Amino acid sequence: MPTYLLTVQQTERTVQGLRLSPGIRPSQTTDRPAIGTMRQGARLELRRPDGARQRTHLVTYGISVWKGEDGAIFTQENPSDPEIKLTLPEGLASEDVVEGTEVWLLEAAEA
């Protein structure tokens, strides 16, 4: 059964692909346990506001971090409930993922 992930407000082109904002916070997904099984390569569906649908896959996901001079890892996020951002394939055009596009998990990838 498809599981709703997020509604896109913004996209950012990176070397890995198209990063979506906002991300997903674990505290907001307790009613959607399938999200916890999501892995790189998971099958996704984009549902644009105009009704068009497009299938794609998850390239990667994660939180923004940096390494300090002492080697410690830092984040501006709340470590107990970080915003996890999803990245889609670089071949997607920005117009494929416009503001208001819903992202749905169709099937989690094998671990």
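Here the structure is a predicted model, which means the values were calculated and not measured. Counting from 1, the numbers follow the sequence of the chain as shown.
Here the side chains of P89 and T56 are in contact, with some heavy-atom distance below 4.5 Å. At a threshold of 4.5 Å between non-hydrogen side-chain atoms, the residues R43 and R55 count as touching.
When all heavy atoms of T30 and P33 are compared, the closest pair comes out as O-CD, 4.3 Å. Of all the heavy atoms in E102 and Y4, the pair that sits closest is CG-CE1, 4.1 Å. Here the shortest heavy-atom pairing between L46 and V103 reads CD2-CG2, 3.9 Å. For the pair P82 and P26, the tightest heavy-atom approach, listed with the atom from each and the gap, is O-CD, 3.2 Å.
A distance of 12.0 Å separates CZ of R53 from CZ of R48, quoted to the nearest 0.5 Å. For the atom pair Q28 CD and I84 CD1, the distance stands at 10.0 Å (nearest 0.5 Å). Interatomic distance, OG1 of T7 versus CH2 of W104, reported as 9.0 Å (0.5 Å rounding). Atom CD of E107 sits about 13.0 Å away from atom CD of E45, to the nearest 0.5 Å. Separation of atoms OG1 (T11) and CG (L88) is listed at 9.5 Å; rounding is to 0.5 Å. Residue I24 holds its CD1 atom at 7.0 Å from CZ of R32, rounded to the nearest 0.5 Å.
Counting only residues at least two apart or in different chains, salt bridge (charged side-chain N to carboxylate O under 4.0 Å, His left out) contacts with residues 12-24 comprise E12-R19.
When only modelled atom types and interatomic distance are considered, Q40 and T60 share a side-chain donor-acceptor pair under 3.5 Å.
Hydrophobic clustering of Ile, Leu, Val, Met, Phe, Trp and Tyr side chains at less than 4.5 Å, counting indirect connections, keeps V59 apart from L44. If you chain together hydrophobic residues whose side chains sit under 4.5 Å apart, L58 and L106 never meet in one group.
Each of L18, V98, L20 was compared with V8 under the side chain to side chain contact (heavy atoms under 4.5 Å, CB included) criterion, and only L20 meets it.
Within the 3.5 Å criterion, the main-chain N or O of S21 finds no donor-acceptor partner in the side chain of Q10. Side chain of R25 to backbone of D81: a donor-acceptor contact under 3.5 angstrom is found. Listed for the R47 side chain is no donor-acceptor partner under 3.5 Å among the backbone atoms of T101.
Residues passing the salt bridge (charged side-chain N to carboxylate O under 4.0 Å, His left out) test with D31, sequence neighbours excluded: none.
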